[in-house]
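Notes for the one structure printed next.
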Amino acid sequence: MHPAERVRFVTETARAVLADRLDPDEGAAAVALQAEQIGPGLRSDRHDVTRSESEAVATQLRLLAEQVNDRASGLPDNEAYVAIAEAIGLLAQALR
C-alpha cells in the first residue's frame with residue numbers, strides 16, 4: 001500500500017480538528033488509535049515505494065503536525081492538539 005493512502009484517515013482527522021469540524025479530544029483518540037494500527041505497516045510501506053515518495057509523505061505529515069502544534073500554542077487547553085501532533089510526528093518518523 002502507498003504510505004499516503006495508509007495515512008489518509010489520520011490526515012483527514014487532523015484537518016477536521018483544525019477546521020473545527022471535529023472535537024479535538026475525539027480527534028486525538030481517533031488519531032492515536034489509527035497511528036497505533038498503521039505504524040507497523042508504514043515501516044514496510046517505505047520499502048515498497050521510492051525514497052522520494054516516502055520522503056514526500058513524511059514531509060506532508062511533519063507539516064501537518066506543525067499546523068496542529070501551532071494551533072495548540074494559542075490555546076489554554078491544548079492537550080488533545082499536542083497528542084495529535086505527536087502521533088502524526090511519530091508516523092512521519094516511521095517513513096524515514
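Side chains are part of it too, since the values below use all heavy atoms of this structure and drop only hydrogens, waters and symmetry mates. For this chain, numbers begin at 1 and follow the sequence in order.
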Give every residue pair that meets the salt bridge (Lys or Arg N to Asp or Glu O under 4.0 Å) criterion with at least one member in residues 55-66, sequence neighbours excluded.
-> E55-R96
Return yes if some donor-acceptor pair links the side-chain N/O of E86 with the main-chain N/O of A83 below 3.5 Å, else return no.
-> no
CD-CG distance between E12 and L22, expressed to the nearest 0.5 angstrom | 11.5 Å
In Å and rounded to the nearest 0.5 Å, what is the CG to CG distance from L61 to L90?
-> 11.0 Å
Sole candidate of T11, V49, L91, V7 that passes side-chain contact (heavy atoms from CB on, under 4.5 Å) when paired with V57 = V7
What distance separates Q60 CD from I88 CD1, expressed to the nearest 0.5 Å?
-> 12.0 Å
Quick one: does R71's side chain have a donor or acceptor within less than 3.5 Å of a partner on Q67's backbone?
-> no
Residues P24 and I84: closest non-hydrogen pair is O-CD1, 4.0 Å
CZ of R6 to OG of S44: how many Å apart, nearest 0.5 Å?
-> 5.5 Å
Heavy-atom closest pair (R43 atom, G39 atom, distance to 0.1 Å) is NH1-O, 2.6 Å
Please list, chain by chain and in numerical order, all residues satisfying side chain to side chain contact (heavy atoms under 4.5 Å, CB included) with D70, sequence neighbours excluded.
-> none
Considering all heavy atoms, the nearest A80-A28 contact | O-CB, 3.7 Å
Hey, are the side chains of L64 and R15 touching, using non-hydrogen atoms and a 4.5 Å cut-off?
-> yes
Taking the side chain as every heavy atom from C-beta outward, state whether Y81 and L75 have any pair of such atoms under 4.5 Å apart.
-> yes
Judged by atom type as modelled, is there a donor-acceptor pair below 3.5 Å linking the side chain of T13 to the main-chain atoms of V31?
-> no
